[in-house]
Amino acid sequence: MDKDKIVEVLKTIHHPEEKIDIVSSGIMINISGDDKKVKIILQFKKPVDALANSVKRASLQALNEKFGTEFEFEIENIFLQRKVEERIPFKDVKNIIAVASGKGGVGKSTVAANLAVALSKKGLKVGLFDADIYGPSVPKMFGVEDEKPPMKKIDGREYISTVEKFGVKLLSVGFFVSREQALIWRGAMATSAIKQLMEEGDWGELDVVVLDMPPGTSDIHLTLVQSVAVTGVVIVTTPQEVALADAIKGVNMFRNKDINVPVLGLVENMSWFIPAEHPENKYFLFGNGGGKRLAEELKVPLLGQIPIVQSICESGDAGTPVALNSDRADGKAFANLAEKVLIALEERNQSEKTKKVEITK
Ligand SMILES: Nc1ncnc2c1ncn2[C@@H]1O[C@H](COP(=O)(O)OP(=O)(O)OP(=O)(O)O)[C@@H](O)[C@H]1O
Ligand SMILES: [Mg+2]
């Protein structure tokens, strides 16, 4: 492998936002390999660089054109620009609450957003971190889809500004890349982007950060619990049998002896349907009492039951969470949930110290 020749080719590639080539600008940070396979690492300067993939593609194309089948090239994009010191994610945040589920679409994001707003209305300093990198929903639910939070310098260090709405500090990968773009990211890239937003977000001092988790039990869940000390997890389920079964999977993942993140409790969402024109009627569309039975079985509190109402869905789409109105029935359900979550948090904090998960295997 002739490194100089490879460097020469890479010197013909520019990042669209830089005047100089990727070698001179320091984006290309390493070339390694042997006579068959060459690995090149590109490191980008912005937290989430939308143009990184096109730089990678252009580099690969130029190298393949020059070297034909002589080498097999592999290029890895890295977004993190590590400073000399390691940064501690959510450094001045007292409690981190993850909102998770086993099954997708049960209302995690709805619960996370409204819980964050309800906690903030109780006077707590709150942040909401959208950890669902492949399907971010926080920007839409808060009506801030067009925000592009800038970098800012604090004490000589670069931070990513958070977007503040309804008293809640927000960050989401959705502010930086389109859903289509995020979908093609490989796992490593997705997790490094998530880590960077947590570490370099200008979260400041907060009482609680709520994490809106992606569906299922993926690598991202593991990365999260290994990167930050999650105080506890709130599991969202619907009363339906399939959702309950998946909720057990979710709980088991957090209770796994290698992970061991305390489960604060369950939230049963879509407990019953209340039609707008007959608010006195309750229809148990997905069955009655599933959440309560599961909570008993898992020996965790049932923190809340949230009805299906059109306003919850509509206000999520409109960017005005129902929890803003705690005098209305739908908003009250989330105010009650916030109260129960605070009680569970208090009990949990008295019983053990929050720690980061260390998985050695
Ligand atoms: N209690 C509710 N009443 C009415 N609509 C609801 C309720 N909860 C959630 N929804 C609606 O159901 C849909 C799915 O909810 P949401 O996005 O919160 O689920 P999720 O678990 O975060 O999904 P994903 O797994 O894709 O992240 C949304 O359109 C939301 O507005
Ligand atoms: Mg979601």
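Read the numbers this way: they start at 1 and go in the same order the structure lists the ligands and their atoms.
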Checklist entry - Strictly by modelled atom types, are Ser161 and Lys152 linked by a side-chain donor-acceptor pair under 3.5 Å? => result no
Checklist entry - Looking only at heavy atoms, is any part of Pro307 under 4.0 Å from ligand 1, and if so is it the side chain, the backbone, or both, or is it neither? => result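 Looking at Pro307 and ligand 1, just backbone atoms fall under 4.0 Å.
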Checklist entry - Is Asp317 touching ligand 1 with its side chain, its backbone, both, or neither, if touching means heavy atoms under 4.0 Å apart? => result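 Near ligand 1, Asp317 shows nothing, with every heavy atom at 4.0 Å or more.
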Next on the checklist: Less than 4.0 angstrom from a charged side-chain N to a carboxylate O is my criterion; do Arg293 and Glu297 meet it?
Outcome noted: no
Next on the checklist: Take a 6.0 Å sphere around NZ of Lys169 and say whether it holds more than 12 heavy atoms from other residues, nucleotides or ligands.
Outcome noted: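 Atom NZ in Lys169 is packed in, count exceeds 12.
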Checklist entry - Below 4.0 Å from any atom of ligand 1, is there a heavy atom belonging to Gly316? => result no
Next on the checklist: Show the nearest heavy-atom pair for residues Val228 and Pro89, with the distance to one decimal.
Outcome noted: CG1-CB, 3.5 Å
Checklist outcome for this item: For Phe142 and Lys165, the nearest pair of non-hydrogen atoms, with its separation, is O-NZ, 3.1 Å
Out of all atoms in ligand 1, which are within 4.0 Å of some heavy atom of [X]? Include the element for each.
{"X": "Gly104", "answer": "25 (O)"}
{"X": "Val309", "answer": "3 (N), 4 (C)"}
{"X": "Asp132", "answer": "27 (O)"}

Item to check | Sub-4.0 Å protein heavy atom near atom 30 (C) of ligand 1 | outcome: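 Flag for atom 30 (C) of ligand 1 set to true, protein heavy atom closer than 4.0 Å.
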Next on the checklist: Any protein heavy atom at under 4.0 Å, with atom 13 (C) of ligand 1 as the reference point?
Outcome noted: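 For atom 13 (C) of ligand 1 the answer is no, since every protein heavy atom stays at 4.0 Å or beyond.
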Next on the checklist: Using 0.5 Å steps for rounding, measure from the CD1 atom of Ile41 to the CD1 atom of Ile78.
Outcome noted: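 Between Ile41 CD1 and Ile78 CD1, I get 4.5 Å after rounding to 0.5 Å.
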Item to check | Heteroatom N/O/S of Ser137 within less than 2.8 Å of the Mg ion (ligand 2) | outcome: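 Here the distance criterion (N, O or S atom, under 2.8 Å) is not met by Ser137, so no.
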